[in-house]
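Take a look at the structure below.
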Amino acid sequence: RDLREHVHSAPTSGKYKVYIIDEVHMLTKEAFNALLKTLEEPPEHVIFILATTEAHKVPETIVSRTQRFTFRAVEPQQAVDHLRFIASTEGVEVEDLALALIADHGQGSFRDSISLLDQVSGGRKKVTLRQVEDTLGIAPDSAIQALLSALELGSASTLLDTLEDMRQNGYHTSQLAKQLASKLRQMLFMDESFLSRSQITDILKKLIDVPASHDPETLLELILIGVLPEKPSTTRPKQAKEPVQAAKQQKEPPVVDIQEITEETIEEIVQPEAEITVELTKAEVELDEQSWQAALSILKKSHNTLYGVARMASPTFSDDTVTLTFAFAFHQKRLDDTKHKKILADILSEVIGSKIDLVCIVEQTHKPKKSSKPAKNNDLENISNIFGEAEVVD
């Protein structure tokens, strides 16, 4: 009513008076009725702009007396260019990837994108991608890859530990679900993946519900655990006396001594997919990658969860020190724990035959390993070529 009384006053400068009513759908029915007469016959010098994000809530009597303009979302590149201009004007250097992430998070809104840029750049002269990710609670790609590696490993304990580490590092579960969904969509176009297309699409459907859930952490855990394969039965069939007969009669690979493997023995095994577990003596283990793989094999049997973390490292051997390089901090932190480090150091010392010190470091550019396979000597290499893969056990 106050507005209605003042619209008849002529503008003090310029040709028009422009009234912008933001979020006009919030007006009461009485307020709309008071405004209706003015909209029907507005003074010649007055222009009303009614802005709303919920046009369906504006009464038809008002809509019918206006011209409607629907604004579409800003194109990502246009948002990036505008953000770069603002940052340059303010004397702030922003990485291109950081600008792209800010624009993407703004979802086509200049206002939201600029607000995030202002939040991230406050007091800084340079803004990096990592700083934007930290502000938004976004996990780095290496963390998402670790989650997928835990799925590929098939260990529920490793998977849950990885999720817990991510939460402790401040990564929001809702955002994790969105990032994981994005990575899984990319996997749909890959020729080879440890997940089938039907599995990926099933996970994607379920991940949609995570952000809106009242307990997103538990829901995400249940979705991912549901992907893991069922544990095999612990009951084993009776093993035949001869290694060759055992390979024919049971699905599990026979355990044989490498000295007993001959060409005739290999030719008699008719199952090309069977795996052979070969026993090696410590004298055959050298101080190199083979030593690391032998240590991982031992660790897997006694500490499977710790194995899931250790397999992500790249080892470097130097005299009596082994340096493990990780892609991100929460893996390094887990293995750098005094108790965990002692377990792995003792196993390495036993494999190598001398006391060693273990050092765990993080390199942001380091990429985590997708899998760790036992090293092979010449005989074991031949066996692997025939059967697909062989495993070294101590």
Side-chain angles (χ1 to χ4, degrees), residues 1-129 131-132 135-138 174-175 178 211-212:
R1 292 186 181 92
D2 181 68
L3 176 64
R4 185 178 59 185
E5 294 175 1
H6 288 84
V7 294
H8 297 286
S9 301
T12 57
S13 63
K15 186 177 180 180
Y16 295 100
K17 269 187 174 182
V18 180
Y19 291 90
I20 302 176
I21 305 179
D22 195 15
E23 302 295 347
V24 71
H25 64 272
M26 298 295 291
L27 292 181
T28 65
K29 181 179 179 181
E30 293 74 18
F32 274 125
N33 289 335
L35 185 62
L36 183 58
K37 182 64 176 177
T38 304
L39 292 180
E40 287 179 334
E41 299 177 1
E44 293 184 357
H45 61 270
V46 172
I47 295 176
F48 283 100
I49 297 179
L50 310 181
T52 179
T53 54
E54 300 182 56
H56 61 281
K57 292 185 179 181
V58 180
E60 284 296 327
T61 53
I62 299 294
V63 175
S64 63
R65 289 165 172 79
T66 62
Q67 297 180 24
R68 181 168 176 172
F69 300 90
T70 301
F71 294 94
R72 60 183 176 85
V74 179
E75 292 294 332
Q77 187 57 50
Q78 187 179 4
V80 169
D81 293 340
H82 188 59
L83 291 172
R84 183 181 289 111
F85 169 76
I86 294 175
S88 176
T89 303
E90 297 295 329
V92 179
E93 180 183 352
V94 185
E95 293 180 355
D96 289 343
L97 290 177
L99 287 173
L101 180 56
I102 292 174
D104 181 67
H105 186 76
Q107 297 182 333
S109 168
F110 273 135
R111 179 182 60 188
D112 293 346
S113 300
I114 294 171
S115 296
L116 179 57
L117 176 63
D118 185 53
Q119 179 182 350
V120 176
S121 63
R124 295 191 179 103
K125 289 298 181 181
K126 183 175 182 179
V127 175
T128 65
L129 174 63
Q131 289 168 340
V132 178
T135 301
L136 296 175
I138 296 177
S174 298
Q175 185 62 45
K178 293 179 181 178

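These numbers were taken from a predicted model, which means no experiment stands behind them.
Of the possible polar contacts, none joining the Ser121 side chain to the Arg124 backbone as a donor-acceptor pair under 3.5 Å is found. In this structure a side-chain-to-backbone donor-acceptor pair under 3.5 Å is missing from His25 to Ala51. In this structure, the side chain of Lys17 engages the main chain of Ser9 through a donor-acceptor pair within 3.5 Å. Checking side-chain atoms of Gln131 against main-chain N and O of Thr128 turns up a donor-acceptor pair under 3.5 Å. Judged purely by atom type and a 3.5 angstrom limit, Asn33 uses its side chain to pair as donor or acceptor with the backbone of Lys29. Side chain of Ser88 to main chain of Phe85: no donor-acceptor pair is present (N/O by atom type, distance under 3.5 Å, no hydrogens or angles). Side-chain atoms of His105 never come within 3.5 Å of backbone atoms of Leu116 as a donor-acceptor pair (strictly under, hydrogens ignored). Between the side chain of Thr66 and the backbone N or O of Val63 there is at least one donor-acceptor pair closer than 3.5 Å. Between the side chain of Gln175 and the backbone N or O of Gly137, no donor-acceptor pair lies under 3.5 Å. With hydrogens and angles disregarded, a donor-acceptor distance shorter than 3.5 Å links the side chain of Thr52 to the backbone of Glu54.
Annotation for Gln107: atom CD does not count as buried by contact number, only 12 or fewer foreign heavy atoms lying within 6.0 Å. Within a 6.0 Å sphere centred on CD of Glu60, other residues, nucleotides and ligands contribute 12 heavy atoms or fewer.
With respect to Thr38, the side-chain contact (heavy atoms from CB on, under 4.5 Å) criterion is satisfied by exactly one of Val7, Val46, Leu3: Val7.
Note that CZ of Phe32 is 7.5 Å distant from CG of Leu50, once rounded to the nearest 0.5 Å. Once rounded to the nearest 0.5 Å, the distance linking CD of Glu95 with CG of Leu101 reads 11.0 Å. To the nearest 0.5 Å, atom CD1 of residue Ile102 and atom CG of residue Leu97 are 11.0 Å apart. Taking CG from Leu99 and NE2 from His82, the interatomic distance works out to 12.0 Å, rounded to the nearest 0.5 Å. Atoms CG and CD1, from Leu35 and Ile21 in turn, are 5.0 Å apart once rounded to the nearest 0.5 Å. To the nearest 0.5 Å, atoms CD (Glu90) and CG (Asp118) are separated by 8.5 Å.
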Please test Glu93 against Val127 for side chain to side chain contact (heavy atoms under 4.5 Å, CB included), starting from the C-alpha separation and ending with a verdict. CA-CA 6 Å; Glu93 180 183 352; Val127 175; over 6 Å; no

If you apply the rule side chain to side chain contact (heavy atoms under 4.5 Å, CB included), what do you find for Phe110 with Leu83, and how did you get there? CA-CA 9 Å; Phe110 273 135; Leu83 291 172; over 6 Å; no

Do Glu40 and Arg65 pass the side chain to side chain contact (heavy atoms under 4.5 Å, CB included) test, and can you show the C-alpha distance, the side-chain angles, and the key distance before you say yes or no? CA-CA 7 Å; Glu40 287 179 334; Arg65 289 165 172 79; 2.7 Å; yes

Would Arg111 and Ser109 count as a side chain to side chain contact (heavy atoms under 4.5 Å, CB included) if you check the C-alpha gap in whole Å, the side-chain angles of each, and the deciding distance to 0.1 Å? CA-CA 5 Å; Arg111 179 182 60 188; Ser109 168; 3.8 Å; yes

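Contact annotation: the side chain of Tyr19 never approaches that of Ile47 to less than 4.5 Å [non-hydrogen atoms, C-beta and beyond]. Within the 4.5 Å cutoff, the side chain of Asp96 has heavy atoms near those of the Arg84 side chain.
Nearest approach of Gly91 to Lys125, heavy atoms of both residues: O-CD, 3.8 Å. The nearest pair of heavy atoms linking Ala103 to Ala79 is CB-CB, 3.9 Å. Taking each heavy atom of Ser174 and Pro211 in turn, the nearest pair found is OG-CA, 3.5 Å.
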